[in-house]
2 protein chains.
Amino acid sequence: MRASVPITVDGLKTACSQCNLVELCLPFGMSDRELSRLDELVGARRKVKRQHNLYRAGDPFEAIYAIRAGSFKTDVLLEDGREQVTGFQMTGEILGLDGISTESHSCNAVALEDSEVCVIAYDKLEQMSHEIEGLQLQFHKVMSREIVRDHGVMMLLGSMRAEERLAAFLLNMSQRFTARGFSASEFNLRMTREEIGSYLGLKLETVSRAFSRFQEDGLISVQQKHVQLLDPAGLKRLIQHQHGAR
Amino acid sequence: MRASVPITVDGLKTACSQCNLVELCLPFGMSDRELSRLDELVGARRKVKRQHNLYRAGDPFEAIYAIRAGSFKTDVLLEDGREQVTGFQMTGEILGLDGISTESHSCNAVALEDSEVCVIAYDKLEQMSHEIEGLQLQFHKVMSREIVRDHGVMMLLGSMRAEERLAAFLLNMSQRFTARGFSASEFNLRMTREEIGSYLGLKLETVSRAFSRFQEDGLISVQQKHVQLLDPAGLKRLIQHQHGAR
DNA sequence: CACACCCGTTGACCCAAGTCAACCAACATA
DNA sequence: TATGTTGGTTGACTTGGGTCAACGGGTGTG
């Protein structure tokens with residue numbers, strides 16, 4: 001637990017039209033004309049240091065955030081201190097959608113490494129969505145994707161065994177690294193075993209053991225946060241026909 | 001598993017402005033002027049018989065649905081047949097938001113009893129959102145609420161013990177019945193123990209045992225689907241300070 | 001109105017994952 | 001370069017919830 005983040009805004013306006021993350025981010029699928037108008041929407045960037053919060057549960061909701069560099073986790077806390085990590089977010093992904101419903105955030109967003117986000121004022125987004133056809137549609141798709149993703153996590157948590165959960169997690173990470181132009185088979189995780197465990201509804205020891213098991217079975221090679229997928233098909237098979245599962 | 005639903009549209013247009021569910025439904029918070037315009041948006045109603053699907057995973061996405069009467073469950077299926085119930089929906093709640101992202105539905109929606117929905121064509125909704133200020137905002141709030149709700153379920157599934165999950169479930173049901181003008185302490189569940197179990201990531205036997213345990217402890221009184229909450233505060237306490245939890 | 005089937009309950013037993021503990025490796029800080 | 005601290009691994013043991021099985025009651029269908 002670290003101190004609250006000192007808000008770090010640098011004056012630089014970010015141009016969506018020149019950002020290499022368009023393919024992954026809010027502007028996806030919009031026309032060039034629309035894209036250029038979007039540049040007005042995106043305000044300043046904000047830097048968030050590792051372990052610092054982008055926002056906290058209870059904070060008033062003013063903006064959503066597009067990750068420009070780095071990565072985050074979101075979590076919810078119970079009164080008694082139990083933590084549930086609800087997601088890990090990478091570049092191009094949108095943070096803060098949870099805040100719209102009650103006009104205040106319902107979870108915490110914490111940077112897993114030194115990161116930078118584009119701040120998108122929500123009232124401006126609302127207004128501009130009235131004007132730009134493609135923006136509204138794309139924004140709805142982003143929210144809908146989040147809902148679908150969450151259903152997938154419920155599937156993980158509700159119906160899979162420990163090793164299946166970790167396999168699904170690794171394949172998901174691989175797929176998202178690939179979409180960002182990184183290797184599908186080799187990457188560095190940014191989160192701890194405990195954070196993975198919280199996300200997957202497992203204790204950190206169980207996560208660690210599953211990693212070791214996968215290594216023994218020649219499915220992956222792990223060394224701390226560095227992971228190499230040696231047999232992605234094997235991992236997929238593990239999810240599909242593991243029987244006797246709950 | 002039953003046959004696919006024969007689409008049952010009756011010609012009656014539904015007037016949001018005259019519906020007693022406004023408080024709970026999409027039109028919430030909109031002005032009277034806006035509300036009257038909304039009547040154009042909502043197309044026909046559709047009846048869905050118990051056990052029949054409103055839509056299935058893979059169906060092309062065309063509309064979202066507001067529940068006018070009855071209730072539903074949504075679920076996702078794994079290749080090997082495992083089912084995960086992702087939610088239970090009651091009157092005034094919106095179904096189908098999962099379909100926006102890929103333009104096809106990603107889960108199944110099944111009626112738990114004979115039910116009726118208002119069909120809201122998505123392209124019309126998009127178009128009208130450009131024109132009606134309050135509609136866009138409200139629609140975003142509905143989607144955001146769904147995301148927040150899903151995070152709550154992840155908390156359940158990832159960090160709570162069996163009895164805590166059931167207690168949280170019962171309190172949630174109670175709260176939603178209350179919002180609909182029904183008793184907070186006495187209601188009939190529409191779903192089976194197996195469906196509750198799937199939703200909570202438990203086996204039906206465990207759900208049944210937890211019900212019995214609660215009854216022994218004087219927290220509730222159960223008889224089949226009929227539930228009476230005798231000590232809601234006790235149920236709340238159970239969630240908050242149950243220690244030794246995972 | 002009868003009958004089958006589905007649903008819910010309960011018991012006995014088992015196992016996957018949690019708990020507790022020791023230890024080691026990385027990495028940050030002085 | 002030393003040194004404290006955090007993160008990860010592994011082992012031994014425990015346990016909450018899953019599994020399997022038997023049974024009884026409700027209810028929707030013919």
Side-chain angles (χ1 to χ4, degrees), chain A residues 1-2 49-51 73 82-83 85 112-114 156-167 169 188-216 220-227 238 242-246, chain B residues 1-3 49-52 73 82-85 111-114 156-167 169 188-216 220-227 238 242-246:
Chain A
M1 222 63 78
R2 302 290 170 89
K49 282 214 163 320
R50 190 173 119 87
Q51 301 277 42
K73 69 169 178 182
R82 279 179 281 180
E83 179 197 29
V85 171
L112 294 175
E113 59 194 306
D114 292 356
L156 267 189
L157 292 171
S159 317
M160 289 183 175
R161 328 176 86 268
E163 292 186 0
E164 294 179 282
R165 295 185 202 187
L166 187 64
F169 170 73
N188 281 296
L189 298 172
R190 296 289 137 81
M191 66 295 282
T192 66
R193 299 291 189 260
E194 187 168 22
E195 286 164 335
I196 296 172
S198 171
Y199 180 63
L200 299 177
L202 303 169
K203 293 276 114 176
L204 68 99
E205 294 94 329
T206 306
V207 174
S208 182
R209 276 186 249 269
F211 268 119
S212 302
R213 185 85 207 289
F214 287 173
Q215 182 154 256
E216 278 167 40
I220 66 171
S221 152
V222 225
Q223 200 180 22
Q224 307 289 124
K225 296 194 155 64
H226 185 81
V227 178
L238 207 120
Q242 184 136 350
H243 291 296
R246 63 163 101 164
Chain B
M1 224 65 75
R2 302 293 169 88
K49 282 213 166 315
R50 192 174 118 87
Q51 301 277 43
H52 284 251
K73 69 168 177 182
R82 278 180 282 179
E83 179 198 29
Q84 175 68 34
V85 171
L112 294 175
E113 59 194 306
D114 292 357
L156 267 189
L157 292 171
S159 317
M160 289 185 175
R161 329 178 84 269
E163 293 187 358
E164 295 179 281
R165 296 185 201 186
L166 187 64
F169 169 74
N188 281 293
L189 298 172
R190 298 288 139 79
M191 65 294 283
T192 66
R193 298 291 189 261
E194 187 168 23
E195 287 164 333
I196 296 170
S198 171
Y199 179 64
L200 299 178
L202 303 169
K203 293 277 118 179
L204 66 98
E205 294 94 330
T206 307
V207 174
S208 181
R209 276 187 249 268
F211 268 118
S212 302
R213 185 86 208 287
F214 287 173
Q215 181 155 255
E216 278 167 40
I220 66 171
S221 152
V222 225
Q223 198 180 27
Q224 307 291 125
K225 296 194 155 64
H226 185 81
V227 178
L238 206 116
Q242 184 134 350
H243 292 295
R246 61 164 104 164

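Every chain is numbered from 1, with letters handed out A, B, ... down the list of sequences. All figures in this text were calculated on a predicted structure; none of them were measured in a lab.
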task: Check step by step if side-chain contact (heavy atoms from CB on, under 4.5 Å) holds for B:Phe169 and B:Leu156.
output: CA-CA 9 Å; B:Phe169 169 74; B:Leu156 267 189; 5.6 Å; no
task: Verify side-chain contact (heavy atoms from CB on, under 4.5 Å) between A:Thr192 and A:Leu204, making sure each step is shown before the conclusion.
output: CA-CA 9 Å; A:Thr192 66; A:Leu204 68 99; over 6 Å; no
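Rounded to whole Å, the distance from CE on A:Met160 to C1' on D:dG18 is 18 Å. Taking atom NZ on B:Lys49 and atom P on D:dG28, their separation rounds to 13 Å, with Å as the unit. At whole-Å resolution of the value, CZ in B:Arg213 and P in D:dG16 are 11 Å apart. Remark: P of D:dG8 and CD of A:Gln215 are 15 Å apart, rounded to the nearest angstrom. For the pair A:Leu157 CG and D:dG17 P, the interatomic distance rounds to 15 Å; values are reported in whole Å. Per the geometry, CG belonging to A:Leu112 stands 12 Å off P belonging to D:dG7, to the nearest Å. Between B:Asp114 atom CG and D:dG28 atom C1' there is a gap of 12 Å when expressed in whole angstrom units. Going from atom NE2 of A:His226 over to atom C1' of C:dA26 covers 16 Å, rounded to whole Å.
The shortest distance between side-chain heavy atoms of A:Met191 and A:Tyr199 does not fall below 4.5 Å. B:Arg213 is listed as a side-chain neighbour of B:Glu163, based on a closest heavy-atom distance under 4.5 Å.
Distance alone, capped at 3.5 Å, is enough to place a donor-acceptor pair between the B:Asp114 side chain and the B:Arg50 backbone. Side-chain atoms of B:Arg193 never come within 3.5 Å of backbone atoms of B:Lys225 as a donor-acceptor pair (strictly under, hydrogens ignored). Put simply, the side chain of B:Ser198 gets close to the backbone of B:Glu83: a donor and an acceptor are under 3.5 Å apart.
Judged as a side-chain hydrogen bond (donor to acceptor under 3.5 Å, both in side chains), and not counting sequence neighbours, the contacts of B:Glu113 are B:Ser71, B:Arg190.
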query: Just by protein heavy atoms under 4.0 Å, how would nucleotides 2-10 of chain C read 5' to 3' in B, S and -?
result: -----SSBB
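Comparing the start and finish of the helix from C:dC1-D:dG30 to C:dA30-D:dT1, five pairs each, the helix axis swings through 60°, to the nearest 10 degrees.
Few gaps surround CD on B:Glu205; more than 12 heavy atoms of other groups in view lie less than 6.0 Å from it.
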